[in-house]
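Everything below concerns the one structure shown next.
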Amino acid sequence: MISSIRLKNIRKRYKGTPFCLKIDNLEFHNRHIHVIVGPNGSGKSTILNLIAFLDKSESGHVLVDGHPVFNNKHDVDHEIRKKIGYVRQNRYLFDMSVFHNVALGLKIRKQPKNEITAKVDNILTELAIEHLRNRSVKSLSNGEYQKVAIAQVLVLMPEIILIDEPDTNIDILSTPSIERTIKKIQKERNSVVVMTTHSLKQARRMSPEIISIQEGRVIDSNDEKLFFEND
Amino acid sequence: MIYIIDGFKKALTIIFSLDREFLNIIMVSVSISFTSTILSVFLAIPFGIWLATARFRGRQIIVTILNTLMSVPTVVIGLFLYSVLSRQGPLGSLGILFTPAAMIVGQCILAFPIIAATVTGGVSNLGNRPYIAARLLGASPMRSTFLFLREAKLIVITSALAGFGRVFSEIGISMMLGGNIRFYTRNITSTIALETSRGEFGLGIALGIVLLIVAFLINAIVYSFRRA
Ligand SMILES: Nc1ncnc2c1ncn2[C@@H]1O[C@H](COP(=O)(O)OP(=O)(O)OP(=O)(O)O)[C@@H](O)[C@H]1O
Ligand SMILES: [Mg+2]
């Protein structure tokens, strides 16, 4: 059971851009949900990509339960990969029905068929999208697509849950069911959850402490007010 | 004018009597072009996917070369392979000149840039997102590749059909490398050329109709896939 992820002395640049992520020490644990806020281009998605081992930093380590994970980019321990659920900002669903998309991760984990059906139907109900069950993802609206992408990850109840901007395209009436489901799974499963948002209100609802980043650095939470004066 | 009408009459007789030579020629064309397309698909699709997703210096140059090769004249491929495969050539000892094998090699080369360029174009739009999405869901590299190909199936099918359409209707390679040997390497296009030069239009017109039907079918299939 994974209980913490720590970024240690991380330096991450992108070729041809002045951006540099600098994080000396940042820990995410499973006692509550962690929310990262910050302006566009501040490095939120970059942090999630590093935790998901989708990308590699020039220096520093990602430690899972205190142990550095060797990241050869495509060669991270398959077992760790399977414990991570990541809803990317750049979401992608497969050209199948909603049901089969949400069932895909469970199928990959070779779960029995009847369990898969039960779990998928359960998560679709929790996110109030059971009516989309047999639709092709090509026909979904942006908000519906987003909800299915979240369902696809949450149905796995992963030990590490990363969600980049769960609120994108989501109407105010649907937000509570998504927030409730994330919280519930975090509690039930004791997952390490890291999410990002542009809404300070959502951040406050989800987490007792908010991580603010700006230009690739974690900033003092007192300064954070500066960015959200109008929220 | 009479000879044209005569030719059409003969053509219809050949088609509806299922003339043995007529069917044999079609079989030669279909089997050779089908084989060369399949071989080319297995080489060109991985290459096209690699070219679309890899990031390295000189990638754009390779894409440009590939696009140029799409319109390489068949006689140039014929000339090149002839010199390589002829008795004095470096691969002369294989002894495959004027056999279906030589035609297959030539058509394979002809189809390769067409299939690879179509795949590269299509996959560039798709990007590596399906592959990454699959890996993130816990799929192995192998399974992720399959899921990726599943997403790219339309691209794969249309590129293969484009390749087949090209090799099925080419003549330079068939003539120069096949040698137009009856019941062996004589295919639709080389027969049409031969019969026409002899002033015999019946068989030529019959085979021309087959070419048109195949071209129509390929377009119809591609169109129906695009719409679905
Ligand atoms: N693949 C990439 N190549 C080059 N630069 C990149 C790449 N990905 C991100 N960047 C740059 O790195 C910086 C941080 O990007 P990141 O996506 O982490 O920001 P973000 O905080 O998630 O922003 P947003 O709120 O818009 O999602 C930006 O300046 C961006 O332009
Ligand atoms: Mg982002």
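Everything numeric in this text was worked out from a predicted model, so none of it was measured. Sequence lines set the chain letters: A, B, ... in the order given, protein chains first and strands last, and positions in each chain run from 1.
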Item to complete: For each of A:Lys107, A:Met96, A:Lys83, tally heavy-atom pairs with chain B at distances under 4.5 Å, and name the one with the top tally.
Response: A:Met96

Worksheet item: With the threshold set at 4.0 Å, does a side-chain nitrogen-carboxylate oxygen contact exist between A:Arg6 and A:Glu27?
Response: yes

Item to complete: Select one option (side chain, backbone, both, neither) describing which atoms of B:Leu154 are under 4.5 Å from chain A's heavy atoms.
Response: neither

Item to complete: Give a yes or no on whether the backbone of B:Phe112 and the side-chain of B:Ser40 come within a donor-acceptor separation of less than 3.5 Å.
Response: yes

Discussion item. Using a strict threshold of under 4.0 Å (side-chain N to carboxylate O), is an ion pair present between A:Asp95 and A:Lys138?
Written reply: yes

Worksheet item: Salt bridge or not for A:Glu126 and A:Arg180, using N-O below 4.0 Å?
Response: no

Discussion item. Under 4.5 Å from any heavy atom of chain B, what part of A:Leu93 do you find: side chain, backbone, both or neither?
Written reply: backbone

Worksheet item: With only heavy atoms counted, which part of A:Ile84 is less than 4.5 Å from chain B, the side chain, the backbone, both or neither?
Response: backbone

Fill in: Proximal component of A:Arg109, with respect to chain B [non-hydrogen, under 4.5 Å]
side chain

Worksheet item: Just by distance, do the side chain of A:His29 and the backbone of A:Arg31 share a donor-acceptor pair under 3.5 Å?
Response: yes

